[in-house]
Chemist: 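Quick one: this structure, given as C-alpha cells, is what I'll be asking you about.
Position 1 is the first residue of the sequence; numbering continues from there.
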Amino acid sequence: MYNINKDLANIFKKMAAIYEFLDDRFRAMAYQRAAHIIEDLPDDVRNYMASGKLYMIRGIGSSIASKIEEFVKTGKIQKYEELKKKVPEDFIELIDLPGFGPKTLKRIYEELGISTKEELIKALKDGRIERLEGFGPKKVENMLKGLQMYEISKKRILLWEALQISRYLVNRLKKNLKQIHRIEVVGSTRRRKETIGDLDILVTADDKDRLPIMDFFTSLDEVSEVLVKGPKKSSVIMKFEGKERQVDLRIFRDEEWGAALQYFTGSKQHNIHLREIAKEKGLKINEYGVFKADTEEKIAGETEESVYRSVGLDWIPPELREDRGEIEAAMEHKLPDLVELKDIKGDLHVHSTWSDGTFSIKDLVDFVRKNYRYEYIVITDHSKSQRVAHGLDENRLLEEIKEINLINKMAGLDFVKKGIEVDILLDGSLDLSDEVLSQLDWVVASVHSHFNRDNTDRIIKAMENPYVNAIGHPTGRLIGMREAYPVDMDAVIKVAKETGTALEINAQPSRMDIDEIWVRRAVEEGVKLVISTDAHNTGHFAFMEVGVSIARRGWATKKDILNTKSWKEIKKFVDAKRKKFGVKV
Ligand code: DGT
Ligand code: CA
Ligand code: CA
Ligand code: ZN
C-alpha cells in the first residue's frame, strides 16, 4: 500500500498552523513536533498500528496516536474538520506557505478584514499590506513569490514522489491483472526529470483484455475523476498526498512495445528530432513502429533498440532524451557511459542525533550495513551556528570523533568516516577552526543563511580553505519553496577545479542541487562531483537513486563521481588539496 505518513504529516502541519492562528501555542507545537516525527519514521504508520507499536513511538502522545488511528481507519480526522471551520476557508491552503504563516494571515485578517485568496492578492498588489506595520515592500515581494511558486508546485510534483506513486501503481496493476504482459512508467518519470506533470503508464496485453484492464484502472481507490475511458487510453485524476495527479494508461500490442515505449517516453523535442532523421532516410516513426515511407512496410518496433537502430542510432538512455546533443552522439556511437546506482560506494553527507538527525551513529551504521553494499559513510553533522539543529562546537565535535573511533574499533572496521557540514559564514570564513577541521576525513561546507545576497565570493572563499572537500547544496534552492540564491556558478566551477574541491549533488528530493544543467557544466570542466543524500534519517539513504538520476541527466559518468571510488581514492583527493595548499596531510 502507498505510504501515508506524508499525508498525515501534512494534516498535522495544517493543524499546528491553525492552532497557532487561534493562539494555542501549546497544541501548535505538539502538532508541529508530531508532523516531523511522522515524516521521519522509517516505516508506514499502518505497520506500527498492525504490530501494536503506534502508542510507543517516541514523541507521539496518546491523543495524537488516536488521531493517527482515526485517520488510518476513516481517512479523516474529525478534529481537523472542526478546526478548519475556525479560520477563513481560503487560509487553509495558504497558512503554511513561505512568507505567509498563521501570524501574518491573522494580522491581515484582523487589520484589513481580508478573508479570501482573491482579496489577499489584490491587497498585496495595491499596497494595503505593504503599509501594515512591519511589512514593507520586501516582505510583500516574498509573499507574492511564495504564492507564485506554490501555484507552480501544485501543477508538478517532485521526481521522488512521482517514483513512489508510479511504483505503487505498477505493483497494483501487475498484482491484480495477470492479463498484462509488460508494464513500464514512461513520460518524464522514465526520463527522471526533476519535476513531473502527469504520470504515464504503458502496458501490453491481448486486445480482448483491454477493457477489463481499463475497468480495474479507472475504479482504483485513489481515482477521484475519470477524464477519458477507452480501450486504448484512459486518463484519470488520482489523489495522492493531498495533491491531484493525472495518470494516463495506454495499452498496446506486444509487437508495438518498443515503438510505444520510445514514443511515450519523449521528450517531445527528442521525438521530433528523431522523426526528422527517419524522414531523411525514407522512414516513418510513430507509436506503432518504424515503417518504410513508400511501401508502409514495418521494419522495427518490438524493442526500443530496434527503433533507434533502424535510423542508425545507438539506444539512448531515457535520462538523455531532451534533444541536447544525445541524438548526434548516438549517431557517432559516442554516448557517455552514464554513472549507475550500483556504482555508488558510500554516502558522504549524513546527519546523526549529534545534530538534527533522527538516529544515532550506531543505528545509522547498522542500518546501512544491513541494507546497502556501501564501503563507507561519512557522518557530517551541523556546526555551531546552526543552533536550531543543535550544531556542534569544537568540543562536541571532538567528542563525536571519539564516539566514531570507538564504533569503528568495536566493529573492527573502518566504515564510519569523520566529517562535518560546516557553515560558511557571511564573510566566507568557516564556523569551526582549521585546527579541528584538519582532524576530519571529509569536510562539507554549506551556506545556510543570507539567501538574498550574492553568495559567489563566500563560496569561493570557503573553497580556498585547504580542509573543505565539497560544497553542500551549492545553489541553496528548495524546489517549489525557495529559488536559488544569486551565485555565479561558472565562477564556482572554475575555483572548484583550481582548488581541488568537489561540488555536491544533494539528493534530497526538494533540493536536487546542483541541477542537471550545472552537473553537465561541471563534468565538461572536469570538476569532481559527489552524490550525497544529506540523510537525516534511515529512510533518506534511498534518495541516492534520484541523486544518481540528476547526475545521469547531466551526462555524468562513473569517473566524474567521487563516491563511486574506494575510500583510498577519496583520501587521495583530500590529501591532494591539502598538499596543494601546503598544509600537513
Ligand atoms: P510532463 O508530464 O509535463 O512531466 O512531461 P511528459 O514528457 O511526461 O509529457 P506528456 O505527459 O505530455 O507526454 C508523454 C510523452 O508522450 C512525451 O514525453 C512525448 C509523447 N507525446 C505526447 N504528446 C505528444 C505530441 O503531441 N507530440 C509528440 N511528438 N510527442 C508527444
Ligand atoms: Ca507525463
Ligand atoms: Ca501524459
Ligand atoms: Zn545543509
Side-chain angles (χ1 to χ4, degrees), residues 170 173-174 177-191 193 197-215 217-218 227-236 246-335:
V170 166
L173 295 175
K174 261 208 304 224
L177 297 165
K178 298 296 169 212
Q179 306 95 312
I180 289 180
H181 299 161
R182 300 190 223 215
I183 182 163
E184 189 84 58
V185 176
V186 288
S188 50
T189 310
R190 183 162 181 244
R191 301 198 314 279
K193 262 189 82 160
D198 67 3
L199 295 173
D200 304 279
I201 301 175
L202 194 66
V203 306
T204 62
D206 297 338
D207 291 2
K208 67 170 172 44
D209 293 327
R210 284 179 172 174
L211 269 174
I213 291 174
M214 291 306 190
D215 284 339
F217 173 67
T218 52
L227 303 172
V228 191
K229 185 181 170 192
K232 289 180 159 187
K233 181 192 171 183
S234 295
S235 289
V236 299
Q246 183 178 323
V247 185
D248 298 340
L249 178 69
R250 293 182 176 86
I251 308 181
F252 280 81
R253 294 180 178 149
D254 288 320
E255 64 269 24
E256 298 159 347
W257 174 246
L261 200 53
Q262 196 290 316
Y263 184 91
F264 290 105
T265 297
S267 67
K268 204 169 163 177
Q269 268 63 37
H270 174 90
N271 287 357
I272 290 170
H273 193 163
L274 191 69
R275 267 174 284 170
E276 277 168 15
I277 291 175
K279 211 169 161 189
E280 286 163 16
K281 294 187 186 295
L283 299 171
K284 195 183 86 187
I285 300 184
N286 61 28
E287 60 267 52
Y288 302 104
V290 184
F291 304 86
K292 287 193 175 158
D294 46 3
T295 62
E296 298 275 311
E297 184 199 344
K298 184 169 174 180
I299 60 159
E302 189 156 0
T303 67
E304 247 189 352
E305 285 82 357
S306 77
V307 173
Y308 283 105
R309 208 182 316 118
S310 71
V311 291
L313 303 188
D314 292 339
W315 179 81
I316 300 173
E319 293 91 334
L320 299 185
R321 300 184 195 172
E322 299 292 344
D323 197 20
R324 293 180 186 152
E326 75 281 6
I327 289 182
E328 291 79 357
M331 215 179 288
E332 295 162 19
H333 311 295
K334 280 185 182 156
L335 282 168

Chemist: Could you list the residues that satisfy salt bridge (Lys or Arg N to Asp or Glu O under 4.0 Å) with K233, not counting sequence neighbours?
Modeler: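 Listed in chain order: nothing, the list is empty.
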Chemist: Hey, mind stepping through D323 and K268 against side-chain contact (heavy atoms from CB on, under 4.5 Å) and telling me if it holds?
Modeler: CA-CA 9 Å; D323 197 20; K268 204 169 163 177; over 6 Å; no
Chemist: Pairs of donor and acceptor atoms involving the side chains of residues 307-315, under 3.5 Å and at least two apart or interchain, shall be tabulated with distances.
Modeler:
residue, atom, partner, partner atom, Å
Y308, OH, Q262, NE2, 3.1
Y308, OH, H270, NE2, 2.8
Y308, OH, R321, NE, 3.2
S310, OG, V307, O, 2.6
D314, OD1, H333, ND1, 2.8
D314, OD2, H333, ND1, 3.0
W315, NE1, E304, OE1, 2.8

Chemist: Please name all residues satisfying salt bridge (Lys or Arg N to Asp or Glu O under 4.0 Å) with R253, sequence neighbours left out, ordered by chain then number.
Modeler: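 Partners of R253 by the salt bridge (Lys or Arg N to Asp or Glu O under 4.0 Å) criterion, ordered by chain and then number, come out as D207.
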Chemist: What is the minimum heavy-atom distance between K229 and S234, and which atoms define it?
Modeler: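 K229 and S234 have their closest heavy atoms at CA-OG, 3.5 Å.
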Chemist: Drop me the distance from D209's CG to Q179's CD, to the nearest 0.5 angstrom.
Modeler: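 Spacing of CG (D209) from CD (Q179) equals 4.5 Å.
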Chemist: Using side-chain contact (heavy atoms from CB on, under 4.5 Å) as the criterion, point out the one residue from L261, T204, L202 that pairs with R182.
Modeler: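 The residue from L261, T204, L202 that satisfies side-chain contact (heavy atoms from CB on, under 4.5 Å) with R182 turns out to be T204.
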Chemist: Does a side-chain N-to-carboxylate-O contact under 4.0 Å join K284 and E296?
Modeler: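 Salt bridge flag = yes for E296 with K284.
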Chemist: If you measure from CE on M331 to CD on E326, what distance do you get to the nearest 0.5 Å?
Modeler: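 Atom-to-atom, M331:CE and E326:CD are 10.5 Å apart.
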Chemist: Applying side-chain contact (heavy atoms from CB on, under 4.5 Å) to F291 and N286, what does each step give before you reach the verdict?
Modeler: CA-CA 8 Å; F291 304 86; N286 61 28; 3.4 Å; yes
Chemist: Hey, what do you get for CD1 (I180) to CD1 (I213), rounding to the nearest 0.5 Å?
Modeler: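 Rounded to the nearest 0.5 Å, the CD1-CD1 separation comes out at 4.5 Å.
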Chemist: State the CG-OG1 distance between D200 and T265, to the nearest 0.5 angstrom.
Modeler: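 Answer for the CG-OG1 pair, D200 versus T265, is 9.0 Å.
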Chemist: Taking atom CG of L283 and atom CD1 of I299, what is their separation to the nearest 0.5 Å?
Modeler: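 So the gap between those two atoms works out to 4.5 Å.
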Chemist: For S235, which of D248, T218, D198 qualifies under side-chain hydrogen bond (donor to acceptor under 3.5 Å, both in side chains)?
Modeler: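 Among the candidates, only D248 passes.
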Chemist: What are the two closest non-hydrogen atoms of F217 and L173, and how far apart are they?
Modeler: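 Closest heavy-atom pair between F217 and L173: CD1-CD2, 4.4 Å.
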Chemist: Which pair of heavy atoms, one from G301 and one from S306, lies closest together, and at what distance?
Modeler: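 The answer is N-OG, 3.1 Å.
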Chemist: How would you list, by chain and number, every residue that makes a salt bridge (Lys or Arg N to Asp or Glu O under 4.0 Å) with K279, sequence neighbours excluded?
Modeler: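 Residues passing salt bridge (Lys or Arg N to Asp or Glu O under 4.0 Å) with K279: none at all.
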Chemist: Restricting to salt bridge (Lys or Arg N to Asp or Glu O under 4.0 Å), what partner residues turn up for E322, sequence neighbours left out?
Modeler: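 For E322, the residues satisfying salt bridge (Lys or Arg N to Asp or Glu O under 4.0 Å) (neighbours in sequence not counted) are R191, R553.
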Chemist: Run the numbers on R250 and E287 for side-chain contact (heavy atoms from CB on, under 4.5 Å), then give the verdict.
Modeler: CA-CA 11 Å; R250 293 182 176 86; E287 60 267 52; over 6 Å; no
Chemist: For the pair E332 (side chain) and A329 (backbone), establish whether a donor and an acceptor sit closer than 3.5 Å, ignoring hydrogens and angles.
Modeler: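 No: the side chain of E332 does not pair with the backbone of A329.
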Chemist: What's the separation between atom OG1 in T303 and atom CD in E255, rounded to the nearest 0.5 Å?
Modeler: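 T303 atom OG1 to E255 atom CD measures 13.0 Å (nearest 0.5 Å).
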Chemist: Quick one: ring pair (Phe, Tyr, Trp, His ring centres under 6.0 Å) partners of F252, sequence neighbours excluded?
Modeler: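 In terms of ring pair (Phe, Tyr, Trp, His ring centres under 6.0 Å), with neighbours along the sequence ignored, F252 is linked to F264, Y288.
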